[in-house]
Peer 1: 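Can you read through this structure? Questions will come right after.
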2 protein chains.
Amino acid sequence: MKPLKVNKRIILGPGPSSANPDVLKSMSNPILGYLDPDFFKILDEVRESLKNLYRTKDHAFALSGSGSSGMEAGLTCLAERGDKVIVCAYGYFCERQILMAERLGLEIIPLRSEWGKQMDPSLLEDALKQHPDTKLVVATHAETSTGVLQNIEELGKIVSKSDALFMIDCVTSIAGTEILFDDWNIDFAYSGSQKCLASPPGLSPCAMSEKAYQYIKNRKTKPSSWYLDLSLVNDYWGSEHVPQYTVAVSSIYALYESLRLLDEEGIENRWNRHKVNAEKLRAGLTEIELNLPISPNDRLDQLTVVTKPDHIDDVEFRNKLIYDYNIEIGRGLGDFAGKVFRIGLMGESCKSEYVDQILDVFRKEI
Amino acid sequence: MKPLKVNKRIILGPGPSSANPDVLKSMSNPILGYLDPDFFKILDEVRESLKNLYRTKDHAFALSGSGSSGMEAGLTCLAERGDKVIVCAYGYFCERQILMAERLGLEIIPLRSEWGKQMDPSLLEDALKQHPDTKLVVATHAETSTGVLQNIEELGKIVSKSDALFMIDCVTSIAGTEILFDDWNIDFAYSGSQKCLASPPGLSPCAMSEKAYQYIKNRKTKPSSWYLDLSLVNDYWGSEHVPQYTVAVSSIYALYESLRLLDEEGIENRWNRHKVNAEKLRAGLTEIELNLPISPNDRLDQLTVVTKPDHIDDVEFRNKLIYDYNIEIGRGLGDFAGKVFRIGLMGESCKSEYVDQILDVFRKEI
């Protein structure tokens, strides 16, 4: 094997995004034991910073796994086999939640609504009336398959009138747009380190309400997964640091640094950077007469969906971008497969100069 | 938050161990997309190197999770709810396998035998005769709670006469001692990146037989875990690179580098380094009249168990080592709790100079 050599790509896909160089460098720090008192200090700071980021008074931690491990952890822990779960389904990652819930033996009420639009909250209101015994409601904040931001606050109000727990996917929204965990009545939120946080992939930063924690501690059967048991993970990240598994120490260093840089930039400034660059991208794409199928009211700043012109070959075009321009953009998924491109501007990849570069390429090649 | 500053520890515990500085540095490389053709080349080289390391013609990959995620993946995928599973149990991590299997609704036949000794293979022979409908047999190669190496070749011969699949834990043995996956009739083996491979924690490098892969593809019900579905992980690592989740890209860079360094050192030399340093440590401990409770025939080179003298306080002593000498050693677990210390010499932590340092400290402080 030859020594590793990696070309620098401009990653403008749906994720992972580029990581900040200082964050990457932080992983050169020597390993500490996962029960070392020095490591606990780092862990405690990461936990408090995540609580602040999610705006919760309750619990926060990061799973040693991808965003999908957070998704599965929530579904595994917050309902028992046979329990009724409502999944608000309006994109590819919502469908992944359904796939996972099926494997776990949950009774799924899928609330399927049109891809590329915000869901009508009355759908959820009706479903909860029809199924008052629902144990869990699941929704995705920012669906990268459609580029739509959902109104979680509104959905949370509806769920709070029922006995159900409320779980949301924040993989793409975390640090890119406002999340108010406590105020929006959320019980469990999972995200990923590799998007607006500008860290490498490998961690799923989560927040959990005390109500959800107590539910897991007191459910009739233990969650089928020990690795993804959120109460065990929480007990390791809590003040007692009860040992569970060996966490990804270097990835925690990276998350620490990315949270520190976020703090330095200021959360509102980070959100604003995502907004400004997305607006610039959308204006540029419109100027070169490309169609943006998502309504302005529903659009996500972190990911822009643009209709592929008929005369362009999907795979050939994206390969040309990689090989000739060193730029990665995303393909369409599910209902949007072969019909759109997806351009992500997240975290370290969310830069005005990259917007200029991708617009230049589109002008030349389309 | 202040910029991250991490003190360098001499980690002589049961794991994680120190990582090689070049391996850590490799994580400063820029992120590539998990579907980037350049990343696939890296992935392919890691896969082939792991196949070679495990000595298998079939499949290899790394899970984005700790060694325990590999443990749970095997138990989740290689048996269905209600199936009979024999767990050879002679230590703390074998008991973790039982905990996980219970949560998954498997029917467990625990073959408990004395901690600190090799298991008598006839126990397994008898159990398989008594339970010819056993679907899976689970054993741990190197148990870090006891410091005992088990005769997996012998157990594999016995399992191969039955219809059961054979799964082994190689978390501590990988790259520290010989493993012959195909010759020993193993169907699934999981390990960890953070011990004799000298990588940071966060990946579980695995090998899987074609028989196990076909079993998972054709079982009656899908594995309850999508994240840990070994057939999906294998399909992503295979030549088609079917997307599953966003893998821990930087950790894969680290694993690549650690496999390259292993190749450079030579696998037999790496095993020998573990043997030579363990012998030096054991000789030194014996010289200062400390008791090594594990019989010389059963001893593991990667981890040495030493009886705690009565006049020494367990917690106080280990804290003194951390705060005064910057050295971490392990505590006793389960049956050995409070009775022993565990000294690991694994991967980057397996150095002659560290043996000298820990012996010096023991001479002074005991």
Side-chain angles (χ1 to χ4, degrees), chain A residues 1 3-4 6-9 11 13 15-19 24-34 36-38 42 45 49 64-69 72 99-100 103-105 192 194 200-202 222-228 245-251 253 256-257 259-260 263 322 328, chain B residues 1 3-4 6-9 11 13 15-19 21 24-34 36-38 42 45 49 64-69 72 99-100 103-105 192 194 200-202 222-227 245-251 253 256-257 259-260 263 322 328:
Chain A
M1 291 168 92
L4 188 69
V6 181
N7 291 323
K8 194 179 172 338
R9 256 324 167 245
I11 313 188
S17 293
S18 300
L24 292 174
K25 216 178 291 165
S26 75
M27 295 192 288
S28 300
N29 276 299
I31 300 294
L32 287 173
Y34 84 113
D36 190 303
D38 280 8
I42 295 169
E45 290 207 53
S49 179
S64 293
S66 81
S68 291
S69 80
E72 186 160 304
L99 280 178
M100 285 181 178
R103 286 174 175 239
L104 290 162
Q194 76 281 10
K222 281 188 180 161
S224 55
S225 175
W226 179 93
Y227 190 70
L228 299 175
Y245 55 75
T246 307
V247 299
V249 171
S250 308
S251 305
Y253 295 165
Y256 178 103
E257 271 301 293
L259 289 166
R260 193 185 68 77
D263 207 42
I322 286 207
E328 176 183 311
Chain B
M1 292 167 91
L4 187 67
V6 181
N7 292 323
K8 193 178 175 336
R9 256 319 168 247
I11 313 188
S17 293
S18 300
L24 292 173
K25 218 179 289 164
S26 74
M27 295 192 289
S28 299
N29 276 299
I31 299 294
L32 287 172
Y34 84 113
D36 190 304
D38 280 8
I42 296 169
E45 290 207 53
S49 178
S64 293
S66 80
S68 291
S69 80
E72 186 160 305
L99 281 179
M100 285 182 177
R103 286 173 175 239
L104 290 161
Q194 76 281 8
K222 281 186 180 161
S224 56
S225 174
W226 179 93
Y227 190 71
Y245 56 75
T246 306
V247 298
V249 171
S250 307
S251 305
Y253 296 165
Y256 178 102
E257 272 300 294
L259 289 166
R260 192 184 68 76
D263 207 41
I322 286 208
E328 177 183 310

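Chain A is the first sequence line, chain B the second, and so forth, proteins listed ahead of strands; every chain is numbered from 1.
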Peer 1: With a 3.5 Å distance limit and no angle check, can you tell me whether A/Glu72 reaches the backbone of A/Met100 through a side-chain donor-acceptor pair?
Peer 2: no
Peer 1: What part of B/Ile11 gets within 4.5 angstrom of chain A, counting heavy atoms only: side chain, backbone, both, or neither?
Peer 2: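 Only the side chain of B/Ile11 comes within 4.5 Å of chain A.
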Peer 1: Heavy atoms only, distances under 4.5 angstrom: which of B/Asn29, B/Thr246, B/Leu4, B/Asp36 has the most pairs with chain A? Name it, please.
Peer 2: B/Leu4
Peer 1: Just give me the residue among B/Ser250, B/Ser26, B/Gly105, B/Ser66 that pairs up with chain A most often, heavy atom to heavy atom, under 4.5 Å.
Peer 2: B/Ser66
Peer 1: Quick check on the interface: out of B/Gly202, B/Ser28, B/Ser49, who has the most heavy-atom pairs with chain A under 4.5 Å?
Peer 2: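 Heavy-atom pairs under 4.5 Å are most numerous for B/Ser28.
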Peer 1: Is there side-chain contact between B/Pro3 and A/Arg260, with at least one heavy-atom pair below 4.5 Å?
Peer 2: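 Yes. Closest side-chain heavy atoms under 4.5 Å.
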Peer 1: Which atoms of B/Ser69 are under 4.5 Å from chain A, going by heavy atoms: the side chain, the backbone, both sets, or neither?
Peer 2: both
Peer 1: With a 4.5 Å cut-off on heavy-atom pairs, point out which of A/Gly65, A/Pro201, A/Ser251 contacts chain B the most.
Peer 2: A/Pro201
Peer 1: Would you mind checking which part of B/Glu45 comes under 4.5 Å of any heavy atom in chain A, side chain (CB onward), backbone (N, CA, C, O), both or neither?
Peer 2: both
Peer 1: In terms of heavy-atom pairs under 4.5 Å with chain B, which of A/Leu104, A/Ile322, A/Asp38 leads?
Peer 2: A/Asp38
Peer 1: Let me know if B/Leu32 has heavy atoms under 4.5 Å from chain A in its side chain, its backbone, both or neither.
Peer 2: both
Peer 1: Tell me, for B/Pro223 versus chain A, whether the close heavy atoms (under 4.5 Å) come from the side chain, the backbone, both or neither.
Peer 2: both
Peer 1: Quick one: what part of B/Asp263 sits under 4.5 Å from any heavy atom of chain A, side chain, backbone, both or neither?
Peer 2: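 For B/Asp263, side-chain heavy atoms alone lie under 4.5 Å from chain A.
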Peer 1: Can you check whether A/Pro200 reaches B/Ile31 side chain to side chain, under 4.5 Å on heavy atoms?
Peer 2: yes
Peer 1: B/Ile42 versus chain A, heavy atoms under 4.5 Å apart: side chain, backbone, both or neither?
Peer 2: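 Side chain only.
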Peer 1: If we define contacts as heavy-atom pairs under 4.5 Å, which of B/Ser64, B/Gly33, B/Ser18 has the most with chain A?
Peer 2: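 Going by pairs under 4.5 Å, I would pick B/Gly33.
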Peer 1: Do you know the tightest heavy-atom contact between B/Tyr245 and B/Tyr34?
Peer 2: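 It is O-CE1, 3.1 Å.
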